[in-house]
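I have placed the structure first, in the form of structure tokens, so that the comments after it can refer back to it.
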There are 2 protein chains.
Amino acid sequence: MSPKAASPPRRRERWPRDERVAAITEAARAVFCEKGFLESSTAEVAARAGVVEGTLYRYFPSKRALLLHVVERFYERIFADYEQQLMGVRGTWNRLRFLIWKHLSVLHGDPAMCRLIMHELRPSPDYRRSSVFRLNRRYTERTMAVIKEGIAAGELVPGVPLTIVRDMIFGCAEHHSWAYLRGEGQFSPEAAADALTDMVYRGLQPQALTRSGSADASVRRLEQAVRRLEGISPARRTRKAAG
Amino acid sequence: MSPKAASPPRRRERWPRDERVAAITEAARAVFCEKGFLESSTAEVAARAGVVEGTLYRYFPSKRALLLHVVERFYERIFADYEQQLMGVRGTWNRLRFLIWKHLSVLHGDPAMCRLIMHELRPSPDYRRSSVFRLNRRYTERTMAVIKEGIAAGELVPGVPLTIVRDMIFGCAEHHSWAYLRGEGQFSPEAAADALTDMVYRGLQPQALTRSGSADASVRRLEQAVRRLEGISPARRTRKAAG
DNA sequence: TATTTAAGTGAGGTGGACTCATTAAATGGC
DNA sequence: GCCATTTAATGAGTCCACCTCACTTAAATA
């Protein structure tokens, strides 16, 4: 075959760096979300971006770095108006509920991307050194700040480590959305936010179990006595246990 | 070099199927735990098991199936005496605390294996069809059963969806042990179990909406304490934990 | 227009999961 | 004890995907 008659080769275009990066990023986002990171090939990303594989590696040192970049762009979009919106909500319960609901809504709104982040990016060995990890931490810290405000206002009690509360909120959200992220179930961000906020809020309110006003001192002492008793085995079986 | 003088080839031994499977499984467990699943190579697993790569594929259809088998053996060991031990604990709070503590202890005791399960096995596309998923569900259902008992006994209130409670417990445990599983932090199963159990327990108790120590509220709390006492337990509650 | 710069290319390199024809160790009949 | 049969074990080889690099050529610059 003569060179003239050959099928016309791809017109080689030289784009501005930003546009090329954007095109590759968008192609990668689409492919990764469709197939998952491991099942995606750099060849397919390149094809969808309208370049050859080698071009990817001019802009990104590795497939994983490309994933990181895709996720960073996502976080930027998500966080854009967070602080602004939170300022419009008053009261500890409402603020807490808003943040939890917002988080669940993100999971609900873009399950493929969230699955990518939680199941494929986060397990990678260097995740905790990545920018995404730091972005995520800033995000959870905002939630902890709301709880600290509640404690400062006397509405919530200290005593439970804040990290436990944080892990309950985000751990619950993650597990609760698990099946949905795989496309194998449903969940309601509103209902889940209500239930989760209630649980957390109640768990942080003054009660006999942790702390109480001075008037409850005797009750508290009794509570502790009961608890001590629970640790003793009198070898007696009550009627209740039969049920 | 003459054939006679060549380095002696591996003595070809034919083992009973069970022993060969056990050897391969143990080698895979060790390598996967050391390096992580993706970073491990089948060549290294084979070498450690004293066979060549092809032999692996006589017993396991894929590297991933080998991982599944390794994890199944782990679950069997972990679950062996669960039910037995739980029968020795009385009282909703104590039973809940026992299950949570046990779970956290497993995470604490074999972080490499748990990381393998949570970060590398669970994200795989067919996880929810796997035997490990079913084993895990049996395990979380036991925890939900304890809460149902508490509700049936009137010690806890219904109203919060049980799945939310379950996700709080296991989600919190997972997030709380996150850094530790990567070898980048510490956590105390005892302290975390206390805090988490308290939060969950309190979140499921009838709420005295008044914050004061009214006589009414005191009575209610005492009633709850007595109800707890009705399930008498030989387990001793350790409030303080070394952090 | 001639020269310089670097974006873009695509043909390999490499490494790891997996396959399969061949080899030989165990087994059983005689 | 010997041969036939079975099948565990082998290891050379295939395939595929990430990544590299020497080269091409479109744009920028003088």
Side-chain angles (χ1 to χ4, degrees), chain A residues 1 3-4 6-25 27-28 31-32 34-70 116 120-121 124-126, chain B residues 3-4 6-28 31-32 34-70 116 120-121 124-126:
Chain A
M1 45 184 169
K4 288 172 187 172
S7 66
R10 173 206 312 289
R11 164 131 176 76
R12 187 187 284 200
E13 278 182 84
R14 305 180 74 150
W15 291 14
R17 185 183 178 85
D18 290 354
E19 288 178 32
R20 190 61 91 191
V21 167
I24 292 172
T25 305
V31 176
F32 291 167
E34 263 173 43
K35 306 200 156 181
F37 178 70
L38 289 175
E39 285 69 35
S40 301
S41 73
T42 51
E44 182 166 359
V45 172
R48 181 106 46 129
V51 297
V52 298
E53 270 187 274
T55 303
L56 298 187
Y57 289 88
R58 174 163 302 277
Y59 296 100
F60 299 97
S62 69
K63 187 187 175 193
R64 187 156 286 278
L66 180 50
L67 172 64
L68 265 170
H69 191 255
V70 165
L116 203 60
E120 311 216 63
L121 171 60
S124 71
D126 52 351
Chain B
K4 287 172 188 171
S7 66
R10 175 206 309 291
R11 165 131 178 73
R12 187 185 284 199
E13 276 182 87
R14 305 182 71 151
W15 289 14
R17 184 182 177 85
D18 290 354
E19 289 178 31
R20 190 61 92 192
V21 167
I24 291 172
T25 304
E26 171 51 25
V31 175
F32 291 167
E34 263 173 44
K35 306 200 155 180
F37 178 69
L38 289 175
E39 285 70 36
S40 301
S41 71
T42 51
E44 182 166 0
V45 171
R48 182 107 46 129
V51 296
V52 298
E53 269 187 275
T55 303
L56 298 186
Y57 290 89
R58 173 163 301 278
Y59 296 101
F60 299 97
S62 68
K63 188 187 174 192
R64 178 142 241 118
L66 181 50
L67 172 63
L68 264 170
H69 191 254
V70 166
L116 204 59
E120 312 217 63
L121 171 60
S124 70
D126 53 350

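Keep in mind that this is a model prediction, so the values were computed, not measured. Note that these values count all heavy atoms, side chains included, but never hydrogens, waters or copies made by symmetry.
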Side chain K63(B), main chain F37(B), donor-acceptor under 3.5 Å:
yes
Which residue lies toward the 5' end of DNA chain C, W15(A) or R14(B), if each is placed at its nearest nucleotide?
W15(A)
CD on E19(B) to CD on E13(B), rounded to 0.5 Å:
10.0 Å
Between P16(A) and S41(B), name the one whose nearest nucleotide on DNA chain C is closer to the 5' end.
P16(A)
Applying side chain to side chain contact (heavy atoms under 4.5 Å, CB included), run through I24(B) and H69(B) and close with a yes or a no.
CA-CA 10 Å; I24(B) 291 172; H69(B) 191 254; over 6 Å; no
Between dC19(D) atom C1' and E44(A) atom CD, what is the distance in whole Å?
18 Å
Presence of T42(A) side-chain N/O under 4.0 Å of dC18(D) phosphate oxygens OP1/OP2:
yes
Measuring from atom CZ of F32(A) to atom CG of L121(A), what distance do you get when rounded to the nearest 0.5 angstrom?
10.5 Å
Does R58(A) put a side-chain nitrogen or oxygen below 4.0 Å from OP1 or OP2 of dG8(C)?
no
Could you check how far CG of L56(B) sits from P of dC18(C), rounded to whole Å?
10 Å
Between atom CD of E44(A) and atom NZ of K35(A), what is the distance when rounded to the nearest 0.5 Å?
3.5 Å
E13(B) atom CD is separated from dT7(D) atom C1', nearest whole Å, by 17 Å
OP1 or OP2 of dC18(C) under 4.0 Å from side-chain N/O of Y57(B)
yes
Rounded to whole Å, the CD-C1' distance (E19(B) to dA26(C)) equals 15 Å
Remember a base hit wins even if backbone is also touched, and classify Y59(B) as base, sugar-phosphate or nothing at under 4.0 Å, heavy atoms.
sugar-phosphate
Spacing of F60(B) atom CZ relative to dA8(D) atom P, expressed in whole Å:
14 Å
Which whole-number value in Å describes the distance from L38(B) CG to dG15(C) C1'?
14 Å
What does R17(A) touch in the nucleic acid at a heavy-atom separation under 4.0 angstrom: a base, only the sugar-phosphate, or nothing?
nothing
N or O in side chain of T55(A) less than 4.0 angstrom from dT9(C) OP1/OP2:
yes
Report the distance from atom NZ of K63(B) to atom P of dC16(D), rounded to the nearest whole Å.
18 Å
E53(B) CD to dG15(C) C1', straight-line distance once rounded to whole Å
11 Å
